[in-house]
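Working notes, beginning with the structure itself.
Just so it is clear: chains get the letters A, B, ... in the order the sequence lines come, proteins before strands, and each one is counted from 1. Both backbone and side-chain heavy atoms feed into the values below; hydrogens, waters and symmetry mates do not. None of the values given here were measured: they were computed from a predicted structure.
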Amino acid sequence: MSDNFQEIEKKIQRFWEERKVFKTNPNPQKKYYVLVMFPYPSGDLHIGHSRNYTIGDTVARFKKMSGYDVLHPFGWDAFGLPAENAAIIHGIHPEQWTKNNISISKKHLMDLGISYDWDSEVVSCEPDYYRWNQYFFLKFYERGLVYRKQSWVNWCPNCQTVLANEQVKEGHCWRSTCNAVIEKRKLSQWYFRITDYAQRLLDGLKKLKNWPEPVKIMQENWIGRSEGVEVNFKLEDGTPVPIFTTRPDTLFGVTFMALAPDAPLAETIALGTEYEHKVKVYIAEALKKSEVERTGTLTEKTGVFTGKYAINPVNNERIPVYIADFVLASYGTGMIMAVPGHDQRDFEFAKKYNIPIKVVINPPNFNLDPNTMEKAYVDEGIMVNSGQFDGLSNIDGINKITEYLIDKGLGKRTVNYRLKDWLISRQRYWGTPIPMIHCEHCGIVPVPEKDLPVLLPKEVTDYLPKGKSVLAGIPEFINTICPQCHRSAQRDPDTMDTFVDSSWYFLRYTDPKNDKMPFDPQKANQWMPIDEYIGGIEHATGHLIYFRFFTKVLYDMGLVAYDEPCDVLHTHGMVKMNGITMSSSKKHGVWLGDFLKKHGADVCKLAVLFAAPPEKEIDWTEDLVTGVSRFLSRIKALYEHETPSFEPLPSSIKEQHKSMAADERRLYIRLNQTIKKVIDDAEHIQYNTAIAALMEFLNDLTSFSDKNSIVYKYSLGALIKLLAPFAPHLAEYLWLKFSQKTSSIFEERLPEPDLTAISFDTITIPIQIQGKLRSKIEVNIGCSENEIKQLALADNKVKKYLEGREITKIIYVPNKLINIVIK
RNA sequence: GCCGGGAUGGCGGAACUUGGUAGACGCAAGGGACUUAAAAUCCCUCGUCCGUUCUCGGACAUGCCGGUUCAAUUCCGGCUCCCGGCACCA
């Protein structure tokens, strides 16, 4: 745009605001819910942020211009650590820091002209929002979906708080600015019983036809269903030690058993024996190690013999029991049967501790020798040394042994999931207080619903985390009265994981001002499910599982009619600069404020959309701006000389387009092709190619000579409407200037293509000989196969190739090509 | 290690759903017009190599090697490299 684009954009933004063009219709007839993942308010926005919002904005505008009632809301995921860290470093209250950032970010978004209905803005750190986190916590508690347990948990020594399993990435803290190595601590914490929904979360994925396949696969792996058998081993003294296995076919090959060092039994198994001391020392050592040291396939496995033996129920063999660090307490029963002959981990462990190796499956046509094996044999084969099961293929053996175990009461079929319960308590200040009271006499007592919200105290002098919650040090907060016995008691000092906030915010948007309920189910149901959800792929195994879990629970509570929150999901790639992802906290990026001053909002939107298809990464350079910036200037320049028509074409034109002048007819067809292409591409969020089509059509228009043609003037008008979702300010400006209406272009409908004029009368048919392009002929559409073959054979270039050769076959693909096969 | 995804000109990317003219659109680069000049704008060229010499013609080209097919960037088999997820899940 020329020099005054900023004034134009400001003016247009004021016009939208005054006219309330993007106000949500409270009674939608034909609803469309477009949602972008709400952001953490980090202050200055960069181009990477704008990608998310720009994609959502384009969807929203397209849908509005296609006649939908659109809900396109916005809000802030406003609780979280950076606010608190800012308080510690700069001595500014987290709330003030957060609100400052919100107002800065909001200004950028408004300057970008995103079509939000700001009346439904939601801010998660406000009591009128977080009280409903507490409400849901209590409701979940009533349903048995909240519990407290003591266990070894992930502890971030830098953030000084526990973390959920989903927030540990490769043994490190998920927050990119932290990245500290995670430690293990034994603590009592609050959990959501998400594992109760593991199967439904898995089954639900099948319904999500319009989710990206990689996201579904990631979730499937994260939930990690595996079918197997629980086998009732016993220690010699009769203590039951059940184990889970997916390979019951190897049961006769068990030569040791291994117990996780953090499993409860590990603490007691060797008590009072000569092994007690060694075992104790080993456990202490093992648990001191961080996740990173302990896990990883490269780390050498270690263990210690407990002095105890178990009995193998299928052959009564005496099996030594070890404690080993490669066994996980949190999966299966916390104890395994080990078959070194057929499991690589067990093999390595057996080699190290001189435990016998027993072969129970032989590969076809070959007998394994346990003394010379260099690794475990894990493939299919024939069972040996397995009593009555010898000679079976091991695949059959799995079933046969399982049935045998069930029959004898020695085991049962079972399913295990890798998904763990969601640890939601955090030892930090800036979050939703957990609405629970610890009473000496009554135990743990929920805060009565009528007493909500439990307000986060604002008068805090010291935010520095000390390994326990900041709130524990605020007497006015922590001391309270037990709701049951009315004696003095203490509040729970922890706050909730901020991913609780983002698990239901999309429902709050449907009824943002409700002070009686989190949302009115009727209002929610008229918008849900989300029709288009846009966000970064980094949430695949976090937020995108949590919000499905919440929706399913709320469905069970009868609050929503759908048990999946979102029909269509589009994840977009990150925006990088010099190969490094743009980031507010790392101060790396192109800042939106600067960019808008220099180039304007439309250029920003268009550049981000045109740079690459949404799912791909963008490595940002200033070069991406040049092309789209020129494109907009050319558009603007064109309309300085030409007057578009927004009148519908007379029906006579549509009926008689075949008798138009050749170049006018060509333009008419190009127009219809462009309309179709842009709308089709937009439907699939392929905005880069849609914009390319608009650029091509602009070329058609500028090279068209009869400026008085009705078709030409109509095309100018159609181009403005097609451009509107991508470059809304310029389009609105041209609309208001030429349409002589006072309404917005976004209250108009997109043009529709005339499908009777979508292709030219003649087409170019390439002629291949032996599959290689040799010539082209121009034929009328509807030309018969024979005619085309004749024309092809008569072609001079073709003749040259055919000279003295025999034609074996002529392949004709209608309207596509012709291929002549010769000997 | 397991599970995904990807590799196309100097660059970002089209075409891939259904095998059918590879390189749309844009950037960069080179040349030209306009201008006192520059910017801006407009026009032309632009995968590589060879031939012809101003109009074309040919060969080779979609990470590598094979296969299926009249025809493969697209399908199949085997590799290489890059990116992402998971991380001893029994």
Side-chain angles (χ1 to χ4, degrees), chain A residues 2 168-171 212-222 224-226 228 243-247 250 257-258 260 291-292 294-299 301 324-328 330-339 342-346 348-349 416-420 537-538 540-541 573-574 607 610-613 615-628 630-631 633-634 637 677 684 686 688-696 698-699 702 764-776 797 800 808-822:
Chain A
S2 67
V168 181
K169 303 287 169 195
E170 296 183 355
E213 216 52 40
V215 172
K216 288 195 278 185
I217 289 166
M218 274 191 236
Q219 292 207 353
E220 201 178 309
N221 293 342
W222 188 262
R225 180 190 160 99
S226 94
I243 58 90
F244 173 73
T245 181
T246 54
R247 293 292 305 273
T250 63
M257 298 187 71
E291 194 91 346
V292 177
R294 199 182 133 186
T295 63
T297 38
L298 295 176
T299 314
K301 298 160 195 10
D325 59 359
F326 73 93
V327 182
L328 304 173
S330 55
Y331 186 80
T333 62
M335 186 165 185
I336 61 161
M337 68 175 213
V339 186
H342 305 287
D343 181 288
Q344 187 55 26
R345 293 156 301 181
D346 301 350
E348 286 165 26
F349 192 88
N416 261 290
Y417 300 91
R418 303 173 71 148
L419 183 72
K420 291 178 185 162
I537 190 148
E538 68 275 18
T541 54
M574 300 285 107
F610 186 60
E615 67 279 5
K616 290 198 80 163
E617 254 173 27
I618 297 177
D619 202 356
W620 186 263
T621 71
E622 197 67 14
D623 285 351
L624 293 172
V625 175
T626 317
V628 295
R630 278 184 197 151
F631 171 61
S633 308
R634 288 180 65 204
K677 168 86 176 152
H684 300 106
Q686 283 161 10
N688 56 330
T689 48
I691 293 167
L694 291 174
M695 289 172 166
E696 284 179 74
L698 176 63
N699 287 335
T702 48
T764 306
I765 298 283
I767 306 170
Q768 294 183 339
I769 292 168
Q770 311 289 62
K772 292 201 175 189
L773 178 69
R774 293 304 180 191
S775 185
K776 293 176 185 181
K797 286 182 199 159
K800 214 170 71 191
T808 37
K809 207 177 351 173
I810 299 180
I811 290 149
Y812 173 63
V813 185
N815 301 328
K816 276 272 161 65
L817 58 52
I818 190 158
N819 188 14
I820 301 168
V821 189
I822 53 177

By the 4.0 Å heavy-atom rule, please label [X] as base, sugar-phosphate, or nothing.
X        : value
A/Arg774 : sugar-phosphate
A/Phe610 : base
A/Asp343 : nothing
A/Lys797 : sugar-phosphate
A/Glu696 : sugar-phosphate

Side chain of [X] only, heavy atoms from C-beta on: which candidate in [options] is closest?
X        : options             : result
A/Gln768 : B/G13, B/G20, B/C27 : B/G20
A/Pro766 : B/C86, B/U21, B/A71 : B/U21
A/Ile217 : B/G12, B/U21, B/C3  : B/C3
A/Lys776 : B/U21, B/G20, B/A87 : B/U21
A/Ile336 : B/A90, B/C86, B/U21 : B/A90
A/Met695 : B/A71, B/A59, B/C25 : B/C25
A/Lys301 : B/C88, B/U41, B/G20 : B/C88
A/Ile811 : B/G4, B/G20, B/A87  : B/G20

Ignoring hydrogens, what is the shortest heavy-atom contact between A/Gly771 and A/Asn819? Give both atom names and the distance. N-OD1, 3.0 Å
Using the P atom in both, what is the distance from B/A71 to B/G85, to the nearest Å? 42 Å
Taking the same atom, P, in B/G32 and in B/G84, what whole-Å distance lies between them? 46 Å
Starting at the 5' end of RNA chain B, which residue's closest nucleotide do you reach first, A/Asp346 or A/Ala612? A/Ala612
Ranking A/Ile820 and A/Lys169 by the position along RNA chain B of their nearest nucleotide, the one closer to 5' is A/Ile820
Is A/Asp623 side chain donor-acceptor paired with the B/C27 base, going by distance under 3.5 Å alone? no
Donor-acceptor pair (no angle test) under 3.5 Å: A/Lys809 side chain, B/C70 base: no
A/Phe349 and A/Phe326 aromatic ring geometry - parallel, tilted or perpendicular at 30°/60° bounds: tilted
Which label fits B/G31, syn or anti, where anti is any glycosidic angle not within 90° of 0? anti
For RNA chain B, the dot-bracket pattern of Watson-Crick and G-U pairs whose distances stay under 3.5 Å, | for other-strand partners: (((((((..(((.......[....))).(((((.......))))).(((((....)))))..(((((..]....))))))))))))....
Begin with the C-alpha distance, continue with both residues' side-chain angles, and end with the deciding distance and a verdict on side-chain contact (heavy atoms from CB on, under 4.5 Å) for A/Ile243 and A/Met335. CA-CA 6 Å; A/Ile243 58 90; A/Met335 186 165 185; 4.0 Å; yes
